[in-house]
Amino acid sequence: MSIGSLLYAFFLILLSSSRLSHNMNISPSPAPNPASYDDNNTALTIFDVTSFGAIGDCRTDDTSAFKMAWDTACMTTSVDSTVLLVPYTFCFLVKPTSFNGPCRTRLTLQIDGIIVSPDGPKSWPWNFKRQWLMFYRVDGLSIQGSGLINGRGQKWWDLPCKPHKGVNGTTQTGPCDSPVAIRIFQSSEVKIKGLTFKNSAQFHVRFDNCYDVVVDSVTINAPASSPNTDGIHIENTHNVQIRNSVISNGDDCVSIGAGCFNVDIKNITCGPSHGISIGSLGVHNSSAWVSNITVTNSTIWNSDNGVRIKTWQGGSGLVSRIVFRNILMVNVRNPIMIDQYYCQTKNCANQTSAVIISDVLYANIKGSYDLRSPPMHFGCSDSFPCTNLRLEDVDLFPYKGQLFENPFCWNAYGSMQTITVPPVTCLLEALPNC
(Lines give C-alpha, C1' and ligand atoms only; values in the text may rest on other atoms or scores of the structure.)
Protein backbone atom coordinates (compact mmCIF):
# COMPACT_ATOMS: atom_id res chain seq x y z
CA MET A 1 0.00 0.00 0.00
CA SER A 2 1.29 3.47 -0.84
CA ILE A 3 2.13 6.11 1.79
CA GLY A 4 -0.78 8.23 0.53
CA SER A 5 -3.21 5.32 1.00
CA LEU A 6 -1.93 4.65 4.54
CA LEU A 7 -2.34 8.31 5.42
CA TYR A 8 -5.86 8.37 4.02
CA ALA A 9 -6.82 5.25 6.06
CA PHE A 10 -5.30 6.88 9.17
CA PHE A 11 -7.47 9.97 8.76
CA LEU A 12 -10.62 7.92 8.21
CA ILE A 13 -9.97 6.34 11.64
CA LEU A 14 -9.39 9.75 13.22
CA LEU A 15 -12.57 11.18 11.69
CA SER A 16 -14.67 8.17 12.77
CA SER A 17 -13.36 8.52 16.34
CA SER A 18 -14.16 12.22 16.29
CA ARG A 19 -17.78 11.55 15.24
CA LEU A 20 -18.22 9.09 18.11
CA SER A 21 -17.13 11.62 20.73
CA HIS A 22 -18.59 14.85 19.37
CA ASN A 23 -21.92 15.94 17.94
CA MET A 24 -21.07 17.19 14.44
CA ASN A 25 -24.58 17.64 13.05
CA ILE A 26 -24.80 21.39 13.55
CA SER A 27 -23.62 23.26 10.49
CA PRO A 28 -20.79 25.60 11.52
CA SER A 29 -20.18 29.00 10.05
CA PRO A 30 -17.70 29.58 8.55
CA ALA A 31 -16.89 26.18 7.02
CA PRO A 32 -15.00 23.90 9.42
CA ASN A 33 -11.31 23.31 9.17
CA PRO A 34 -10.53 20.06 7.35
CA ALA A 35 -8.29 17.27 8.55
CA SER A 36 -4.93 17.54 6.81
CA TYR A 37 -1.51 15.97 6.70
CA ASP A 38 1.73 16.64 4.88
CA ASP A 39 4.60 14.15 4.86
CA ASN A 40 6.63 16.18 2.34
CA ASN A 41 5.46 13.73 -0.35
CA THR A 42 1.66 13.95 -0.24
CA ALA A 43 -0.44 16.86 0.99
CA LEU A 44 -3.89 15.42 1.74
CA THR A 45 -6.94 17.33 2.94
CA ILE A 46 -10.19 15.61 3.95
CA PHE A 47 -13.63 17.22 4.19
CA ASP A 48 -16.36 15.13 5.87
CA VAL A 49 -19.91 16.09 4.81
CA THR A 50 -21.14 15.56 8.39
CA SER A 51 -18.84 18.39 9.46
CA PHE A 52 -20.88 20.67 7.20
CA GLY A 53 -24.21 19.76 8.77
CA ALA A 54 -25.23 16.62 6.86
CA ILE A 55 -27.48 14.48 9.08
CA GLY A 56 -27.44 11.18 7.22
CA ASP A 57 -30.75 9.73 8.43
CA CYS A 58 -32.15 9.02 4.92
CA ARG A 59 -34.95 11.59 5.47
CA THR A 60 -33.39 14.99 6.14
CA ASP A 61 -32.39 17.00 3.06
CA ASP A 62 -28.58 17.06 3.09
CA THR A 63 -28.16 18.79 -0.27
CA SER A 64 -26.92 22.12 1.10
CA ALA A 65 -24.34 20.39 3.30
CA PHE A 66 -23.03 18.43 0.32
CA LYS A 67 -22.84 21.60 -1.77
CA MET A 68 -21.00 23.52 0.94
CA ALA A 69 -18.53 20.67 1.42
CA TRP A 70 -18.00 20.39 -2.36
CA ASP A 71 -17.47 24.12 -2.86
CA THR A 72 -15.01 24.28 0.02
CA ALA A 73 -13.06 21.23 -1.16
CA CYS A 74 -13.05 22.41 -4.77
CA MET A 75 -11.61 25.80 -3.88
CA THR A 76 -8.91 24.46 -1.55
CA THR A 77 -5.36 25.34 -2.58
CA SER A 78 -1.84 24.39 -1.52
CA VAL A 79 -2.54 20.65 -1.38
CA ASP A 80 -1.87 17.82 -3.80
CA SER A 81 -5.18 16.07 -3.24
CA THR A 82 -8.54 16.80 -1.63
CA VAL A 83 -11.00 14.18 -0.36
CA LEU A 84 -14.70 14.84 0.09
CA LEU A 85 -15.85 12.05 2.43
CA VAL A 86 -19.34 10.55 2.51
CA PRO A 87 -18.86 8.35 5.56
CA TYR A 88 -19.91 4.79 6.23
CA THR A 89 -23.05 3.97 8.31
CA PHE A 90 -24.89 7.14 7.16
CA CYS A 91 -27.67 7.44 4.57
CA PHE A 92 -27.88 10.87 2.92
CA LEU A 93 -30.87 12.26 1.05
CA VAL A 94 -29.55 14.53 -1.69
CA LYS A 95 -31.82 16.38 -4.10
CA PRO A 96 -30.87 17.14 -7.72
CA THR A 97 -27.80 19.32 -7.80
CA SER A 98 -24.75 20.18 -9.88
CA PHE A 99 -21.21 19.92 -8.52
CA ASN A 100 -19.22 22.36 -10.63
CA GLY A 101 -15.57 22.91 -11.42
CA PRO A 102 -12.94 23.78 -12.32
CA CYS A 103 -11.39 22.85 -8.99
CA ARG A 104 -8.04 24.11 -7.77
CA THR A 105 -6.77 20.62 -6.92
CA ARG A 106 -7.50 17.02 -7.82
CA LEU A 107 -10.61 15.99 -5.94
CA THR A 108 -11.70 12.55 -4.72
CA LEU A 109 -15.34 11.99 -3.78
CA GLN A 110 -15.04 9.06 -1.36
CA ILE A 111 -18.50 7.49 -0.98
CA ASP A 112 -18.57 4.84 1.74
CA GLY A 113 -22.12 5.52 2.94
CA ILE A 114 -25.43 5.60 1.08
CA ILE A 115 -26.79 8.42 -1.07
CA VAL A 116 -30.49 8.31 -2.00
CA SER A 117 -32.53 10.48 -4.33
CA PRO A 118 -35.97 11.98 -3.67
CA ASP A 119 -38.62 9.28 -4.00
CA GLY A 120 -40.29 9.67 -7.37
CA PRO A 121 -41.53 12.47 -9.69
CA LYS A 122 -43.78 14.13 -7.11
CA SER A 123 -40.77 14.71 -4.85
CA TRP A 124 -38.62 16.07 -7.68
CA PRO A 125 -38.10 19.74 -8.65
CA TRP A 126 -40.15 20.34 -11.79
CA ASN A 127 -37.27 22.07 -13.60
CA PHE A 128 -34.53 19.50 -12.87
CA LYS A 129 -35.81 16.19 -14.19
CA ARG A 130 -33.01 15.17 -16.58
CA GLN A 131 -30.27 14.41 -14.07
CA TRP A 132 -29.87 13.87 -10.37
CA LEU A 133 -26.17 14.41 -9.56
CA MET A 134 -24.19 16.25 -12.24
CA PHE A 135 -20.46 16.93 -12.26
CA TYR A 136 -19.53 19.73 -14.66
CA ARG A 137 -16.02 20.65 -15.81
CA VAL A 138 -14.22 18.76 -13.04
CA ASP A 139 -10.87 17.53 -14.41
CA GLY A 140 -9.01 14.92 -12.39
CA LEU A 141 -12.13 13.80 -10.50
CA SER A 142 -12.28 10.41 -8.76
CA ILE A 143 -15.59 9.05 -7.47
CA GLN A 144 -14.87 5.93 -5.48
CA GLY A 145 -15.62 3.89 -2.40
CA SER A 146 -17.65 0.99 -1.06
CA GLY A 147 -20.93 2.90 -0.86
CA LEU A 148 -24.30 2.77 -2.59
CA ILE A 149 -26.02 5.30 -4.86
CA ASN A 150 -29.75 4.55 -4.93
CA GLY A 151 -31.88 6.33 -7.56
CA ARG A 152 -35.22 4.96 -6.22
CA GLY A 153 -36.56 4.64 -9.75
CA GLN A 154 -39.71 2.57 -9.30
CA LYS A 155 -42.17 5.48 -9.38
CA TRP A 156 -40.49 6.83 -12.51
CA TRP A 157 -40.68 3.44 -14.23
CA ASP A 158 -44.41 3.27 -13.46
CA LEU A 159 -45.26 6.49 -15.29
CA PRO A 160 -47.89 5.78 -18.00
CA CYS A 161 -45.58 7.30 -20.65
CA LYS A 162 -43.08 4.48 -20.10
CA PRO A 163 -43.22 1.45 -22.42
CA HIS A 164 -46.16 -0.82 -21.56
CA LYS A 165 -47.02 1.09 -18.37
CA GLY A 166 -50.23 2.74 -19.58
CA VAL A 167 -53.79 1.42 -19.52
CA ASN A 168 -53.99 -2.17 -20.84
CA GLY A 169 -50.24 -2.29 -21.40
CA THR A 170 -50.07 0.74 -23.67
CA THR A 171 -47.57 3.58 -23.80
CA GLN A 172 -49.22 6.95 -23.36
CA THR A 173 -48.06 10.33 -24.58
CA GLY A 174 -47.03 13.14 -22.26
CA PRO A 175 -43.97 14.45 -20.41
CA CYS A 176 -41.62 11.57 -19.74
CA ASP A 177 -38.27 13.09 -18.74
CA SER A 178 -36.54 10.95 -16.15
CA PRO A 179 -33.26 11.71 -14.37
CA VAL A 180 -29.88 10.14 -15.04
CA ALA A 181 -28.35 9.20 -11.67
CA ILE A 182 -24.77 10.38 -12.29
CA ARG A 183 -23.94 12.61 -15.25
CA ILE A 184 -20.39 13.78 -15.89
CA PHE A 185 -20.10 16.58 -18.44
CA GLN A 186 -17.09 18.23 -20.11
CA SER A 187 -14.51 16.66 -17.80
CA SER A 188 -11.23 14.82 -18.25
CA GLU A 189 -9.18 12.30 -16.28
CA VAL A 190 -12.28 11.00 -14.52
CA LYS A 191 -12.33 7.74 -12.58
CA ILE A 192 -15.24 5.87 -11.00
CA LYS A 193 -14.27 2.85 -8.93
CA GLY A 194 -15.78 0.37 -6.48
CA LEU A 195 -19.27 1.84 -6.09
CA THR A 196 -22.66 0.16 -6.29
CA PHE A 197 -25.46 1.85 -8.26
CA LYS A 198 -29.07 0.79 -7.82
CA ASN A 199 -32.43 1.51 -9.44
CA SER A 200 -31.76 4.70 -11.35
CA ALA A 201 -34.83 6.32 -12.89
CA GLN A 202 -32.99 6.28 -16.23
CA PHE A 203 -29.28 5.78 -17.09
CA HIS A 204 -27.15 4.99 -14.03
CA VAL A 205 -23.90 6.66 -15.21
CA ARG A 206 -23.52 8.92 -18.24
CA PHE A 207 -20.49 10.70 -19.70
CA ASP A 208 -20.91 13.57 -22.18
CA ASN A 209 -18.01 15.37 -23.91
CA CYS A 210 -15.37 13.78 -21.70
CA TYR A 211 -11.99 12.17 -22.30
CA ASP A 212 -9.56 9.95 -20.40
CA VAL A 213 -12.26 8.10 -18.47
CA VAL A 214 -11.92 4.95 -16.34
CA VAL A 215 -14.82 2.98 -14.83
CA ASP A 216 -13.53 0.09 -12.75
CA SER A 217 -15.06 -2.51 -10.44
CA VAL A 218 -18.57 -1.07 -10.20
CA THR A 219 -21.81 -2.95 -9.64
CA ILE A 220 -25.04 -1.74 -11.26
CA ASN A 221 -28.41 -3.32 -10.46
CA ALA A 222 -31.96 -2.62 -11.66
CA PRO A 223 -34.83 -4.97 -12.53
CA ALA A 224 -34.90 -6.46 -16.02
CA SER A 225 -38.31 -4.79 -16.51
CA SER A 226 -37.07 -1.27 -15.68
CA PRO A 227 -37.18 0.91 -18.82
CA ASN A 228 -34.15 2.82 -20.17
CA THR A 229 -31.95 2.01 -17.19
CA ASP A 230 -28.68 1.70 -19.15
CA GLY A 231 -25.75 0.90 -16.90
CA ILE A 232 -23.06 3.12 -18.45
CA HIS A 233 -23.66 5.41 -21.41
CA ILE A 234 -21.02 7.48 -23.20
CA GLU A 235 -21.59 10.21 -25.78
CA ASN A 236 -18.96 12.35 -27.56
CA THR A 237 -16.39 10.81 -25.25
CA HIS A 238 -13.02 9.22 -26.05
CA ASN A 239 -10.13 7.36 -24.45
CA VAL A 240 -12.41 5.30 -22.22
CA GLN A 241 -11.77 2.15 -20.16
CA ILE A 242 -14.70 0.22 -18.68
CA ARG A 243 -13.60 -2.91 -16.85
CA ASN A 244 -14.11 -5.48 -14.08
CA SER A 245 -17.77 -4.64 -13.50
CA VAL A 246 -21.08 -6.46 -12.99
CA ILE A 247 -24.18 -4.93 -14.56
CA SER A 248 -27.82 -6.09 -14.65
CA ASN A 249 -30.66 -3.81 -15.69
CA GLY A 250 -33.56 -3.18 -18.06
CA ASP A 251 -31.56 -1.84 -21.00
CA ASP A 252 -27.98 -1.89 -22.31
CA CYS A 253 -25.24 -2.75 -19.84
CA VAL A 254 -22.99 -0.38 -21.78
CA SER A 255 -24.20 1.87 -24.61
CA ILE A 256 -21.90 3.84 -26.89
CA GLY A 257 -23.34 6.92 -28.57
CA ALA A 258 -22.21 9.23 -31.33
CA GLY A 259 -18.77 10.84 -31.28
CA CYS A 260 -17.01 8.10 -29.30
CA PHE A 261 -13.63 6.56 -30.16
CA ASN A 262 -10.83 4.66 -28.45
CA VAL A 263 -13.10 2.75 -26.07
CA ASP A 264 -11.89 -0.43 -24.34
CA ILE A 265 -14.48 -2.57 -22.53
CA LYS A 266 -13.27 -5.73 -20.80
CA ASN A 267 -14.12 -8.21 -18.08
CA ILE A 268 -17.78 -7.24 -17.85
CA THR A 269 -20.48 -9.56 -16.54
CA CYS A 270 -23.67 -8.35 -18.20
CA GLY A 271 -27.21 -9.58 -17.65
CA PRO A 272 -30.08 -9.80 -17.49
CA SER A 273 -30.05 -6.83 -19.85
CA HIS A 274 -30.16 -5.73 -23.48
CA GLY A 275 -26.45 -6.47 -23.91
CA ILE A 276 -23.53 -4.24 -24.92
CA SER A 277 -24.47 -1.85 -27.72
CA ILE A 278 -23.03 0.65 -30.12
CA GLY A 279 -25.96 2.97 -30.69
CA SER A 280 -28.56 3.71 -31.33
CA LEU A 281 -27.04 6.08 -33.92
CA GLY A 282 -28.47 8.38 -36.58
CA VAL A 283 -31.77 9.22 -34.93
CA HIS A 284 -33.65 12.18 -36.49
CA ASN A 285 -31.32 12.07 -39.53
CA SER A 286 -28.30 12.94 -37.40
CA SER A 287 -24.65 12.22 -38.14
CA ALA A 288 -22.70 9.75 -36.00
CA TRP A 289 -19.04 8.73 -36.06
CA VAL A 290 -17.78 5.88 -33.86
CA SER A 291 -14.44 4.06 -34.16
CA ASN A 292 -11.83 1.96 -32.36
CA ILE A 293 -14.18 0.15 -29.98
CA THR A 294 -13.12 -3.15 -28.36
CA VAL A 295 -15.20 -5.45 -26.15
CA THR A 296 -13.23 -8.39 -24.74
CA ASN A 297 -13.18 -11.08 -22.04
CA SER A 298 -16.80 -10.62 -21.01
CA THR A 299 -19.91 -12.69 -20.24
CA ILE A 300 -23.44 -11.84 -21.33
CA TRP A 301 -26.26 -13.96 -19.93
CA ASN A 302 -30.08 -14.15 -19.96
CA SER A 303 -30.22 -11.06 -22.15
CA ASP A 304 -32.24 -9.85 -25.13
CA ASN A 305 -29.05 -9.07 -27.04
CA GLY A 306 -25.36 -9.82 -26.86
CA VAL A 307 -23.07 -7.50 -28.81
CA ARG A 308 -25.11 -5.17 -31.00
CA ILE A 309 -24.71 -2.27 -33.43
CA LYS A 310 -27.99 -0.40 -33.97
CA THR A 311 -28.68 2.54 -36.27
CA TRP A 312 -31.77 4.41 -37.46
CA GLN A 313 -32.64 4.84 -41.09
CA GLY A 314 -31.90 8.34 -42.42
CA GLY A 315 -28.71 8.94 -40.45
CA SER A 316 -25.19 9.43 -41.77
CA GLY A 317 -21.61 8.88 -40.63
CA LEU A 318 -19.47 5.80 -40.02
CA VAL A 319 -18.97 2.98 -37.52
CA SER A 320 -15.61 1.29 -38.09
CA ARG A 321 -12.73 -0.65 -36.51
CA ILE A 322 -14.87 -2.57 -34.03
CA VAL A 323 -13.66 -5.72 -32.21
CA PHE A 324 -15.78 -8.15 -30.17
CA ARG A 325 -13.45 -10.85 -28.81
CA ASN A 326 -13.50 -13.60 -26.14
CA ILE A 327 -17.15 -13.30 -25.17
CA LEU A 328 -19.27 -16.01 -23.54
CA MET A 329 -23.01 -15.96 -24.30
CA VAL A 330 -25.45 -17.76 -22.00
CA ASN A 331 -29.08 -17.98 -23.17
CA VAL A 332 -28.91 -14.75 -25.19
CA ARG A 333 -31.67 -14.04 -27.69
CA ASN A 334 -29.55 -12.17 -30.28
CA PRO A 335 -25.90 -12.92 -29.46
CA ILE A 336 -24.50 -11.09 -32.51
CA MET A 337 -26.57 -8.36 -34.11
CA ILE A 338 -26.29 -5.51 -36.58
CA ASP A 339 -29.61 -3.71 -36.99
CA GLN A 340 -29.66 -0.80 -39.45
CA TYR A 341 -33.44 -0.64 -39.28
CA TYR A 342 -33.68 0.16 -35.59
CA CYS A 343 -37.10 1.56 -34.72
CA GLN A 344 -38.88 1.94 -31.39
CA THR A 345 -42.33 1.96 -32.98
CA LYS A 346 -43.92 -0.02 -35.78
CA ASN A 347 -44.26 2.84 -38.27
CA CYS A 348 -40.77 4.20 -38.98
CA ALA A 349 -40.54 5.45 -42.58
CA ASN A 350 -38.08 3.86 -44.99
CA GLN A 351 -35.16 6.18 -45.78
CA THR A 352 -32.20 5.73 -48.09
CA SER A 353 -29.46 7.37 -46.05
CA ALA A 354 -27.72 5.36 -43.32
CA VAL A 355 -24.76 5.29 -40.95
CA ILE A 356 -22.13 3.15 -42.73
CA ILE A 357 -20.81 0.08 -40.88
CA SER A 358 -17.43 -1.39 -41.82
CA ASP A 359 -14.50 -3.37 -40.37
CA VAL A 360 -16.13 -5.39 -37.59
CA LEU A 361 -14.43 -8.47 -36.10
CA TYR A 362 -16.25 -11.15 -34.08
CA ALA A 363 -13.63 -13.52 -32.59
CA ASN A 364 -13.90 -16.39 -30.10
CA ILE A 365 -17.55 -15.81 -29.29
CA LYS A 366 -19.05 -18.95 -27.81
CA GLY A 367 -22.05 -20.10 -25.84
CA SER A 368 -25.80 -20.51 -26.19
CA TYR A 369 -28.70 -18.63 -27.72
CA ASP A 370 -32.45 -18.41 -27.23
CA LEU A 371 -34.19 -20.10 -30.15
CA ARG A 372 -36.72 -17.27 -30.52
CA SER A 373 -34.20 -15.43 -32.72
CA PRO A 374 -31.31 -16.36 -35.02
CA PRO A 375 -27.93 -16.53 -33.28
CA MET A 376 -26.50 -13.98 -35.75
CA HIS A 377 -28.42 -11.14 -37.38
CA PHE A 378 -26.79 -8.85 -39.93
CA GLY A 379 -29.55 -6.53 -41.14
CA CYS A 380 -27.74 -3.91 -43.22
CA SER A 381 -28.97 -0.91 -45.18
CA ASP A 382 -30.22 -1.34 -48.75
CA SER A 383 -28.25 1.74 -49.83
CA PHE A 384 -25.10 1.32 -47.71
CA PRO A 385 -24.24 -2.34 -47.12
CA CYS A 386 -22.11 -3.50 -44.20
CA THR A 387 -18.59 -4.35 -45.36
CA ASN A 388 -15.62 -6.33 -44.06
CA LEU A 389 -17.50 -8.27 -41.39
CA ARG A 390 -15.19 -11.03 -40.14
CA LEU A 391 -16.07 -14.06 -38.02
CA GLU A 392 -13.43 -16.18 -36.32
CA ASP A 393 -14.00 -19.06 -33.86
CA VAL A 394 -17.69 -18.34 -33.37
CA ASP A 395 -19.61 -21.28 -31.84
CA LEU A 396 -23.20 -20.70 -30.75
CA PHE A 397 -25.55 -23.53 -29.78
CA PRO A 398 -29.24 -23.58 -28.76
CA TYR A 399 -29.75 -23.09 -25.03
CA LYS A 400 -32.47 -25.76 -25.16
CA GLY A 401 -33.03 -28.45 -27.74
CA GLN A 402 -31.02 -29.56 -30.76
CA LEU A 403 -32.52 -27.49 -33.57
CA PHE A 404 -30.18 -24.86 -34.99
CA GLU A 405 -31.47 -21.56 -36.33
CA ASN A 406 -29.81 -20.22 -39.47
CA PRO A 407 -28.11 -16.82 -39.25
CA PHE A 408 -29.83 -13.90 -40.97
CA CYS A 409 -28.05 -11.63 -43.45
CA TRP A 410 -29.26 -8.71 -45.52
CA ASN A 411 -26.82 -6.80 -47.73
CA ALA A 412 -23.93 -7.88 -45.49
CA TYR A 413 -20.45 -8.44 -46.94
CA GLY A 414 -17.85 -10.38 -45.03
CA SER A 415 -16.12 -13.69 -44.45
CA MET A 416 -15.69 -16.60 -42.06
CA GLN A 417 -12.02 -16.70 -41.07
CA THR A 418 -12.63 -20.16 -39.54
CA ILE A 419 -15.54 -22.58 -39.47
CA THR A 420 -18.39 -21.13 -37.44
CA VAL A 421 -21.31 -22.85 -35.70
CA PRO A 422 -23.79 -22.43 -37.21
CA PRO A 423 -22.19 -21.61 -40.59
CA VAL A 424 -22.82 -18.09 -41.84
CA THR A 425 -23.30 -18.91 -45.49
CA CYS A 426 -25.52 -15.89 -46.06
CA LEU A 427 -22.65 -13.39 -45.99
CA LEU A 428 -21.85 -11.91 -49.39
CA GLU A 429 -18.23 -12.52 -50.36
CA ALA A 430 -17.55 -9.91 -53.04
CA LEU A 431 -17.32 -6.27 -52.11
CA PRO A 432 -20.05 -4.12 -53.69
CA ASN A 433 -19.10 -1.96 -56.63
CA CYS A 434 -18.49 1.64 -55.63
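Nothing here was measured: the structure is a model prediction, and the numbers come from that model.
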Residue pairs fulfilling disulfide bond (SG atoms under 2.5 Å apart) with at least one residue in residues 196-237, sequence neighbours excluded: none

Single hit among D139, N209, D212 for side chain to side chain donor-acceptor pair (under 3.5 Å) with S188: D139

Contacts of type ring-ring contact (aromatic ring centres under 6.0 Å, His included), residue Y362, not counting sequence neighbours: F324, F378

K193, NZ atom: more than 12 neighbouring heavy atoms under 6.0 Å: no

Check: T269 side chain, T299 main-chain N or O, donor-acceptor pair, under 3.5 Å: no

Enclosure of Y211 OH (heavy-atom neighbours >12, cutoff 6.0 Å): no

Student check: side-chain heavy atoms of F90 and T50 closer than 4.5 Å: yes

Pairs touching residues 194-208 that satisfy salt bridge (charged side-chain N to carboxylate O under 4.0 Å, His left out), sequence neighbours left out: R183-D208, R206-D208

R325 atom CZ, neighbour heavy-atom count above 12 within 6.0 Å: no

Any residue meeting side chain to side chain donor-acceptor pair (under 3.5 Å) with Q202, in chain and number order, not counting sequence neighbours: none

Name the atoms and distances for all side-chain donor-acceptor pairs under 3.5 Å in residues 251-258, with sequence neighbours left out.
{"unit_1": "D252", "atom_1": "OD1", "unit_2": "S277", "atom_2": "OG", "d": "3.0"}
{"unit_1": "D252", "atom_1": "OD1", "unit_2": "R308", "atom_2": "NH2", "d": "3.0"}
{"unit_1": "D252", "atom_1": "OD2", "unit_2": "K310", "atom_2": "NZ", "d": "3.3"}
{"unit_1": "S255", "atom_1": "OG", "unit_2": "D230", "atom_2": "OD2", "d": "3.0"}
{"unit_1": "S255", "atom_1": "OG", "unit_2": "H233", "atom_2": "ND1", "d": "2.7"}

Electrostatic pair K191:D216 at N-O distance under 4.0 angstrom: no

Side-chain donor-acceptor contact under 3.5 Å, W289 with S291: no

Between E235 and T237: side-chain donor-acceptor atoms closer than 3.5 Å: no

Test: D177 and R130 ion pair at under 4.0 Å: yes

Check against side-chain hydrogen bond (donor to acceptor under 3.5 Å, both in side chains), N364 and D393: CA-CA 5 Å; N364 196 30; D393 294 324; over 6 Å; no

Distance-only side-chain donor-acceptor flag, N267 / N297, under 3.5 Å: no

Candidate pair Q340 and Q313, rule side-chain hydrogen bond (donor to acceptor under 3.5 Å, both in side chains), full reasoning: CA-CA 7 Å; Q340 292 207 268; Q313 294 186 74; over 6 Å; no

Sub-4.5 Å side-chain heavy-atom contact between I115 and F66: yes

Neighbour count above 12 (heavy atom, 6.0 Å) for Y399 OH: no

For S358 against T387, the heavy-atom pair lying closest together: OG-OG1, 2.9 Å

Short side-chain donor-acceptor distance under 3.5 Å, N262 and N239: yes

Heavy-atom side-chain proximity of M376 to P335 below 4.5 angstrom: no

Residues, nucleotides or ligands: over 12 heavy atoms within 6.0 Å of K366 NZ: yes

Donor-acceptor pair between S273 and S303 side chains, under 3.5 angstrom: yes

From CA spacing to verdict: side-chain hydrogen bond (donor to acceptor under 3.5 Å, both in side chains), R333, S373: CA-CA 6 Å; R333 185 168 179 177; S373 300; 2.9 Å; yes

Modelled atom types, side-chain donor and acceptor of T60 and D57, under 3.5 Å: yes

Donor + acceptor pair across side chains of T294, K266 (<3.5 Å): no

Residues T76 and T82: side-chain donor-acceptor under 3.5 angstrom: no

By disulfide (SG to SG under 2.5 Å) - contacts of C260 (at least two apart): none

CA sep, side-chain torsions, deciding dist, call: F135, W70, ring-ring contact (aromatic ring centres under 6.0 Å, His included): CA-CA 11 Å; F135 298 85; W70 172 273; 5.7 Å; yes

